[in-house]
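FYI, side chains are in, hydrogens and waters are out, and symmetry mates aren't considered; it's all heavy atoms of this structure. Positions are given from 1 along the sequence. The model shown is predicted, which means the values in this text are computed figures rather than measured ones.
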Amino acid sequence: MATPFATPRARALGFGLRTCREARNLGVRQLARKIGVHAQELSNWEYGKRIPKVEQVALLMGALVVEPEERKRLLELARSAHEPSWLEKRVPGVAPSVSSYAEHERAATAIFDWEPAVIPGLFQTPDYIRALLSGQEQPDQIERIVHARMARREVLGRYHPLDYHVVVGEGALRAEVGGAPVMVEQLQHLAHVSMRRNIRLQVLPLRANAQAIAHNFGVLEFEALPAIVFVELYRASAYLYDDDQVAGYRAAAKTMAASAMDEHESGEFIREVIADLGEAA
């Protein structure tokens, strides 16, 4: 059996270790000397390329004086980091900024997203998010989610921007989340960002739904690490890592992109929906 390399859990563990180190304003070499390992080894742990032993993670947690809840989470990740796929449960009330997905998204060089029912998170406007989550979360938690999603947009405008290919279902455009004024603003923003060179936006019409997978998913590509498939579930997220699973989702993405409107047609369609909403308002 091949040695697991950069599994989703290993990378999430690495994200967590790096966050704890940076919170203490320690460099990699400083911390490595403190716990008696080579700096390159510690760097490999932080990037998920190698998996530290549970005892080594415990040593790190002690050196960094990590809070009990985060310590427990990271030790659990260390125990299971060799497993290829991962169902990450979302804990109500926990800030989304601790979610592993934002870190995977930040590390990715290219992402394909399929969103059948809602506007993709990277494109959502604050009022759309508030309307989407109204009744599901407490108001203060909704504002934290709004803040976290706005921060995620950085990947689209950074120096080496994310290559982002999105196929969105017609139903997501026509669902009146928050009413017509909220949707008009949301769709105008969608049309605006789709003009960026690093973004490819396509609309899959309802008539082509037979070519679509029912649930949303993303295929995340990385410069020097294996790809990961992300599937968002109710109160949980699944990370798929096996070669066969990744290949299957890549094939599905290709099929849906071929069945969707091209970028020009998609832009025209979005503007038609905006006009329809304006007439109805």
Side-chain angles (χ1 to χ4, degrees), residues 1-89 91 94-111 151-152 154-155 158-160 162-163 218-230 237-246:
M1 181 179 175
T3 302
F5 175 71
T7 65
R9 280 187 176 90
R11 282 181 245 187
L13 172 61
F15 298 147
L17 295 177
R18 186 168 68 244
T19 300
C20 292
R21 175 179 59 77
E22 292 175 347
R24 293 288 171 187
N25 291 318
L26 285 173
V28 172
R29 292 182 184 279
Q30 282 178 287
L31 180 58
R33 279 197 299 270
K34 201 176 179 73
I35 62 169
V37 300
H38 290 294
Q40 185 59 54
E41 183 71 353
L42 178 57
S43 178
N44 285 336
W45 293 348
E46 290 190 351
Y47 282 96
K49 295 179 179 178
R50 294 178 68 90
I51 301 172
K53 295 177 182 176
V54 175
E55 296 78 11
Q56 291 170 314
V57 174
L59 184 61
L60 277 168
M61 298 297 94
L64 295 169
V65 196
V66 176
E67 294 293 328
E69 187 176 346
E70 180 65 355
R71 176 189 177 94
K72 180 181 177 183
R73 187 182 78 90
L74 293 176
L75 287 172
E76 181 57 37
L77 280 172
R79 292 187 188 96
S80 57
H82 289 81
E83 296 175 19
S85 295
W86 179 22
L87 180 66
E88 180 187 36
K89 294 181 181 177
V91 181
V94 173
S97 57
V98 304
S99 165
S100 301
Y101 181 73
E103 293 291 348
H104 287 297
E105 185 178 69
R106 196 173 298 129
T109 55
I111 294 178
R152 282 175 51 201
E154 180 270 338
V155 300
R158 65 192 181 192
Y159 186 70
H160 293 293
L162 180 73
D163 183 2
V219 181
L220 288 75
E221 310 282 353
F222 303 87
E223 185 174 359
L225 297 173
I228 291 174
V229 172
F230 172 79
S237 303
Y239 295 86
L240 308 176
Y241 173 80
D242 289 344
D243 290 344
D244 289 348
Q245 290 170 325
V246 173

Y239 side-chain N/O to T7 backbone N/O, donor-acceptor pair under 3.5 Å: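 No: the side chain of Y239 does not pair with the backbone of T7.
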
Exam field: side chain R158 to backbone R106, donor-acceptor pair closer than 3.5 Å: yes

Under the rule for side chain to side chain contact (heavy atoms under 4.5 Å, CB included), what residues qualify as partners of [X], not counting sequence neighbours?
X	result
R50	E41, N44, W45
A151	none
L75	V54, V57, A58, R71, R79

Just how far is it from atom [atom1] of [X] to atom [atom2] of [Y], taken to the nearest 0.5 Å?
X	Y	atom1	atom2	value
L59	L64	CG	CG	9.5 Å
S80	I51	OG	CD1	9.0 Å
L77	E83	CG	CD	10.5 Å
D163	E221	CG	CD	9.5 Å

Test side-chain contact (heavy atoms from CB on, under 4.5 Å) applied to K49 and L225, step by step: CA-CA 8 Å; K49 295 179 179 178; L225 297 173; 4.0 Å; yes

With heavy-atom distances below 4.5 Å as the criterion, would you say the side chains of [X] and [Y] are in contact?
X	Y	value
V246	L240	no
M61	L74	yes
Y241	R9	no

Ring pair (Phe, Tyr, Trp, His ring centres under 6.0 Å) involving Y47 - partner list, sequence neighbours excluded: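 Y47: no ring pair (Phe, Tyr, Trp, His ring centres under 6.0 Å) contacts found.
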
Pair listing, ring-ring contact (aromatic ring centres under 6.0 Å, His included) test, anchored in residues 13-40, at least two apart: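 Passing the test, one end in residues 13-40: F15-H104.
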
Give the minimum heavy-atom separation between [X] and [Y], together with the two atoms involved.
X	Y	value
V28	L42	O-CD2, 3.5 Å
I111	A108	CG1-CB, 4.0 Å
C20	E70	SG-CG, 4.2 Å
F230	S237	CE1-CB, 3.4 Å
L162	A110	CD1-N, 3.7 Å

Residue E154 excluded, over 12 heavy atoms near CD under 6.0 Å: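 Buried by this count: over 12 neighbours within 6.0 Å.
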
Salt bridge (charged side-chain N to carboxylate O under 4.0 Å, His left out) contacts in which one or both residues fall within residues 10-37, not counting sequence neighbours: R21-E46

K72 with E69: basic N within carboxylate O range, under 4.0 Å: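 Salt bridge absent between K72 and E69.
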
